[in-house]
Amino acid sequence: MGVLYIFHPDISHCGGFSGMVKFGNMAEVYSVRVAPHGPCGPINKAAGIRAAAVMPSFLILEHCRMSPWYDDLQLEGLTIQNGYVELPTRPG
């Protein structure tokens with residue numbers, strides 16, 4: 001029995017997209033679920049969503065939209081319905 005069940009990395013502190021995916025791969029080896037930290041804004045969130053899409057050990061993505069400027073930093077916002085985010089198909 002392990003001591004870590006859910007790993008909560010922040011993509012802006014763990015080496016970006018590549019680092020997050022590497023952590024996700026390591027977590028999968030030990031049956032640890034990954035719940036990326038993501039309240040830092042739309043850029044952090046978009047990168048976290050893309051990393052989560054390729055991690056088999058992904059569990060849930062933290063989401064917070066309390067800042068009024070959140071939508072001002074992106075041309076197209078994220079589509080979130082029933083607790084699920086639609087994976088963006090455009091670059092950026």
Side-chain angles (χ1 to χ4, degrees):
M1 176 162 278
V3 295
L4 181 66
Y5 301 102
I6 299 175
F7 182 51
H8 192 58
D10 188 311
I11 199 163
S12 61
H13 299 288
C14 71
F17 179 85
S18 297
M20 176 76 80
V21 172
K22 286 178 185 178
F23 279 116
N25 291 339
M26 286 188 285
E28 182 183 7
V29 169
Y30 296 99
S31 300
V32 173
R33 303 301 303 265
V34 180
H37 183 251
C40 297
I43 297 169
N44 182 293
K45 179 79 65 228
I49 288 168
R50 284 169 171 78
V54 299
M55 287 189 290
S57 55
F58 171 72
L59 175 65
I60 193 168
L61 181 68
E62 182 177 12
H63 177 67
C64 179
R65 290 189 69 165
M66 297 187 71
S67 298
W69 50 263
Y70 203 95
D71 289 329
D72 295 337
L73 294 178
Q74 51 192 352
L75 296 176
E76 295 180 20
L78 298 171
T79 302
I80 301 171
Q81 293 182 346
N82 299 323
Y84 292 88
V85 64
E86 184 177 313
L87 188 62
T89 58
R90 297 182 60 186

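Every value quoted in this text rests on a predicted model; they were computed, and no experiment measured them.
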What side-chain donor-acceptor pairs closer than 3.5 Å can you find for residues 21-31, not counting sequence neighbours?
unit_1, atom_1, unit_2, atom_2, d
N25, ND2, V21, O, 3.4

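Shown here for H8 and A35, the closest heavy-atom pair between the two residues is ND1-O, 2.6 Å. Between L61 and K45, the shortest heavy-atom distance links the atoms CD2-CD, 3.7 Å.
Contact annotation: the side chain of N44 never approaches that of H37 to less than 4.5 Å [non-hydrogen atoms, C-beta and beyond]. With contacts defined as side-chain heavy-atom distances shorter than 4.5 Å, the pair Y5/L59 does not qualify. Contact annotation: the side chain of V34 approaches that of P9 to within less than 4.5 Å [non-hydrogen atoms, C-beta and beyond].
Every residue two or more places apart in sequence or in another chain that forms a side-chain contact (heavy atoms from CB on, under 4.5 Å) with L87 is listed here: I49, A53.
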